[in-house]
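The structure appears right after this line, and notes come after that.
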Amino acid sequence: SLVSRKRREFIGMPAPPGYVPGVGRGATGFTTRSDIGPAREADDAPDERHMPPPKKPAHDDDEKGEDENLNDANYDEFSGYGGSLCTRDPYEKDDEEADRIYSSVDDRMDERRREHRERRFREEMEKFRKERPKIQQQFVDLKRDLALVSEDEWLSLPEVGDARNKRQRNPRAEKFTPAPDSLLAKGLSAGQTTAQVDLREQLQGGIATPWGGASTSSAGGADIDMKKIGQARTSLMDIKLTQAADSVTGQTVVDPMGYLTDLNSVIPQHGADINDVKKARLLLKSVRESNLKHPPAWIASARLEELTGKMQEARNLIMRGAEECPRSEDIWMEASRLIPADQARAVVAQGINHLPQSVRLWVRAAELESEPKRKRRVFRKALEQVPSSVRLWKLAVELEEPEDARVMLRRAVECCPTSVDLWLALAKLETYETARSVLNQARDNVPTDRLIWITAAKLEEAHKNLPMVGKIIDRAVAALQVAGVEINRDLWLKDAEECESSGSMETARAIVRTVVGHGIDEPDRKRQWLTDAEGFTAREAFECARAVYAKLIAAFPAKKSVWLAAAHFEKNHGTREALESLLVNAVSKCPTAEALWLMGAKSKWLADDIPGARYILANAFKANPNSEEIWLAAVRLESENNDFERARKLLLRARNQASTARVWMKSARLEWCLGELEQAKALLNEGLRAYPQFDKMWMMLGQIAEQEGNVEAARAAYNEGIQRCRQSVPLWLLLARLEMGQATRARSILERARVNNPRVPQLWLEAVRTELKSGQPQMAAATMSRALQQCPTAGQLWAEAIFMEARPQRRAKSVDATKKCEHDPHVLLAVGRLFWCERQINKARDWFQRAVKLDSDFGDAWANWRRFELQHGTEDQQRRVAALCEAAEPRHGELWCSLAKCPATGDCALLNCWIS
């Protein structure tokens, strides 16, 4: 073919001199004057005309290469030609600086675009994973379900069949034929050579082997009898078998009970390699021999032998070490540990003879004694030798009776006057007067220890001498500062907590009052003291926290936040009398703090002291004549006590003196609850003329119209309210629920609501429920998918999505919900309800507790937990949930608010919520 035809070698080469094309075919060449010039013969063709063209210099080739690169294929609209146009130019410092600047600019631009590029890459990867998920992701839900498989179900799974064919399942057994002895003998003699020719070979003619078969000769001329070798092998095996079995009776002689015990003596009891043990033993031996007076070498050698299970060798080594180093305390202690208990006493006694001042050896000697009388005798001998040892005195005193202990402690403080523990122990055993004298002596001997002063304060408090407690603590701080001791605030406050835990409340308060302000700058006092009070409260040191709050109140009497923090502390951890006393002082210092007045009134009201509550509110009116909160609190007090006429009068005065939108709303709500719908509508219309932007009044107006059955009026009220308050989500929800009979209109309303209020979970949730109520589960699922895309962290949507799934898929959906909304009470409540449905009682109770702990104001969680306990809990658990809910006073929650704010039930909705 044309493609595979070989290329001619002369193609592309210059023509040889005198070459005329076609001369072989009879053609003749010709020349012109321009070729040969003047005065030339016609047949005189110059050779120069066929000479090869002259070679261009090297730079011409480069220029040609560069010219060849300057074509359209090598041109880019943004970066130009691929090659460099300035290659031949010199590279100077200006060029280097320019390249560096351009490189930095390129790096900066790349840095600016990196975040966008990485984000786009992540989005593309997420999109790709959603479109083409991995196989393991497709089976995630099935893997989760494996955790629910019981043991019986697992065991009932059928066995996997054998997929191999018959030949693979039944392979032929390999047959091994033993080789004969002749073959072994032949193989043995095959590589041997002989240096002599025997007589038979000479007779047969050289080295020819006869056909008759001759015996094989070895190099030494001896025959190999393979039969005897086999018999010897059999005999050796019989000997070995005889060692393990009885040849007469046939019964084993191996002890079955002691077999494993014998193995334990053979198996090394250490995890190291045997070679490493040998190396360590050799190394330690060289250390011992190089320096026999080196105790650590003997100890290490003994411990190595102990590690390998050679206890006797370890004991021998440590005793040799004790002989070589009798002044080493560590060797005697190690010897007492390795030697058996019945011999250890003698070893310790020998060590004490060499080291009579060793406290550790005396303590070890006492530990080896089993009778208390012998222990006391050992300690007394030890104190004769080492009277200045605090440890020996403490151990000896612990074994004595109180009277003997007092005598020993008096002697102990004489021998060890700087031991604070001995002084304090003696003070605890003495009488009041003697203890004061002992503590005074202790302060004289140890003037830098704070525990002596604190013990003195505890002593005075124990004997009801409370005025001296504060004086002692003040004097302690001053004396320690004079002695040059740094007052560590944290240590003193920790001592205060310990005093409170031991029952010394006054001492704890005195320490806090004196030390809490030490080392704190003036601007940081309030913040630091509030932090200290919260820390004491968290650690249940309530008296210390109360002392801190008292210090705060004394330092900041006009700070409302301080009084509120102290009031909340007394409310949660104090008594009602203490709270009311605190609030009386608080309102006298901060008369304009409405919250303090209201807390005082509520405390009186909860104690059924209605006149006291009215008196507090009357004083609050005087201090805050135009306070909306106080007016409404007074109205609630009267309405809760069924004095509706007085409540109406208070509301009338409030509308005249402190006219606000909430006052008008509460006035209408009171009339609504009392059944006066016309009066309620009149108040709402009048209030809306003054406050048209208040959405709650539009909501109430529409709800009253719904209650009367006037749908057109309700629709008009909602529509007008939406025109005034487009951002009010409850108004949109009420209008959509009003049109629930016409699903198309409800969808349109919710779509408009989402346009005005994007990314609001409540609107998406209502849209999903609308589709479910209209019998469109597929539409509901599609809407929920869109909702989770718009609001991926909305707990309400995830809680609804869990129960929209089929029962087998709910657990997997709940896992996804907890990953997206780990700290959302709606999701925790939904998971608790899921476990409740699956009859997993303990898990359901735990998740209900987590929900209310996360948000104690979430009423739906409390209601479901209470109902759960009514069904599965005990009476104590039911009472506990009710008490916790009353203390938390929840106010939010979809179900909770729908019942609590229902005018037909009023506050009785709380009771209905327990059993709903």
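As the structure is a computational prediction, the values presented were derived from the model and not from experiment.
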Side chains of [X] and [Y] in contact at under 4.5 Å (non-hydrogen atoms):
X      : Y      : value
Pro730 : Met699 : yes
Asn585 : Trp563 : yes
Tyr432 : Glu460 : yes
Leu530 : Tyr549 : yes
Glu540 : His573 : no
Leu582 : Ile553 : yes
Asn624 : Glu629 : no
Leu493 : Glu497 : no

Closest contact, heavy atoms only, [X] versus [Y]:
X      : Y      : result
Leu409 : Val397 : CD2-CG2, 3.8 Å
Trp529 : Ala555 : CZ3-CB, 3.7 Å
Arg406 : Leu426 : O-CD1, 3.9 Å
Lys604 : Ala613 : CB-N, 3.7 Å
Ala427 : Ala435 : O-CB, 3.5 Å
Asn626 : Ala658 : O-CB, 3.9 Å

Would you say that more than 12 heavy atoms from the other residues, nucleotides or ligands in this model lie under 6.0 Å from the [atom1] of [X], or not?
X      : atom1 : answer
Arg891 : CZ    : no
Glu822 : CD    : no
Glu433 : CD    : yes
His463 : NE2   : yes
Lys458 : NZ    : yes

Could you tell me whether a side-chain N or O of [X] sits under 3.5 Å from a main-chain N or O of [Y], the two making a donor and an acceptor?
X      : Y      : answer
Asn641 : Asp643 : no
Asp524 : Ile520 : no
Arg489 : Val516 : yes
Glu500 : Cys544 : yes
Glu461 : Thr507 : yes
Ser603 : Met599 : no
Asp860 : Trp896 : yes
Trp862 : Asp857 : no
Ser581 : Ala578 : no
Asp609 : Gly612 : yes

NZ/NE/NH1/NH2 to OD/OE distance under 4.0 Å, [X] and [Y]:
X      : Y      : result
Arg879 : Glu875 : yes
Glu506 : Lys464 : no
Arg614 : Glu638 : yes
Glu570 : Arg546 : yes
Lys602 : Glu889 : yes
Arg648 : Glu645 : yes

Is the closest side-chain donor-acceptor distance between Lys526 and Ser561 under 3.5 Å?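 Present: a donor and an acceptor within the cut-off.
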Modelled atom types, side-chain donor and acceptor of His826 and Asp824, under 3.5 Å: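 Side chains of His826 and Asp824: pair found under 3.5 Å.
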What distance separates [X] [atom1] from [Y] [atom2], expressed to the nearest 0.5 Å?
X      : Y      : atom1 : atom2 : value
Leu765 : Glu800 : CG    : CD    : 5.0 Å
Gln657 : Glu628 : CD    : CD    : 14.0 Å
Leu439 : Thr455 : CG    : OG1   : 6.5 Å
Phe542 : Met505 : CZ    : CE    : 10.5 Å
Leu670 : Arg636 : CG    : CZ    : 13.5 Å
Glu894 : Leu733 : CD    : CG    : 9.0 Å

Evaluate the criterion side-chain contact (heavy atoms from CB on, under 4.5 Å) for residue pair Val413 and Val438; output intermediate values, then yes/no. CA-CA 10 Å; Val413 295; Val438 169; over 6 Å; no
Solution key, residues 845-854 side-chain donor-acceptor pairs under 3.5 Å, sequence neighbours excluded:
| unit_1 | atom_1 | unit_2 | atom_2 | d |
| --- | --- | --- | --- | --- |
| Arg845 | NE | Glu869 | OE2 | 2.8 |
| Arg845 | NH2 | Glu869 | OE1 | 3.4 |
| Arg845 | NH2 | Gln877 | OE1 | 3.4 |

List the steps, then state whether side-chain contact (heavy atoms from CB on, under 4.5 Å) holds for Ile452 with Trp423. CA-CA 8 Å; Ile452 300 175; Trp423 284 107; 5.5 Å; no
Given Phe621, which of Tyr615, Trp597, Trp631 fulfils the ring-ring contact (aromatic ring centres under 6.0 Å, His included) condition?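 Only match with Phe621 under ring-ring contact (aromatic ring centres under 6.0 Å, His included): Trp631.
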Determine, step by step, whether Phe858 and Leu828 satisfy the side-chain contact (heavy atoms from CB on, under 4.5 Å) criterion, reporting the C-alpha distance in whole Å, the side-chain angles of both residues, the deciding distance to 0.1 Å, and the verdict. CA-CA 11 Å; Phe858 186 42; Leu828 301 183; over 6 Å; no
Begin with the C-alpha distance, continue with both residues' side-chain angles, and end with the deciding distance and a verdict on side-chain contact (heavy atoms from CB on, under 4.5 Å) for Ser814 and Phe835. CA-CA 11 Å; Ser814 65; Phe835 285 125; over 6 Å; no
For the residue pair Trp836 and Phe868, does the interplanar ring angle fall in the parallel (under 30°), tilted (30 to 60°) or perpendicular (over 60°) class?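 Ring orientation of Trp836 relative to Phe868: perpendicular.
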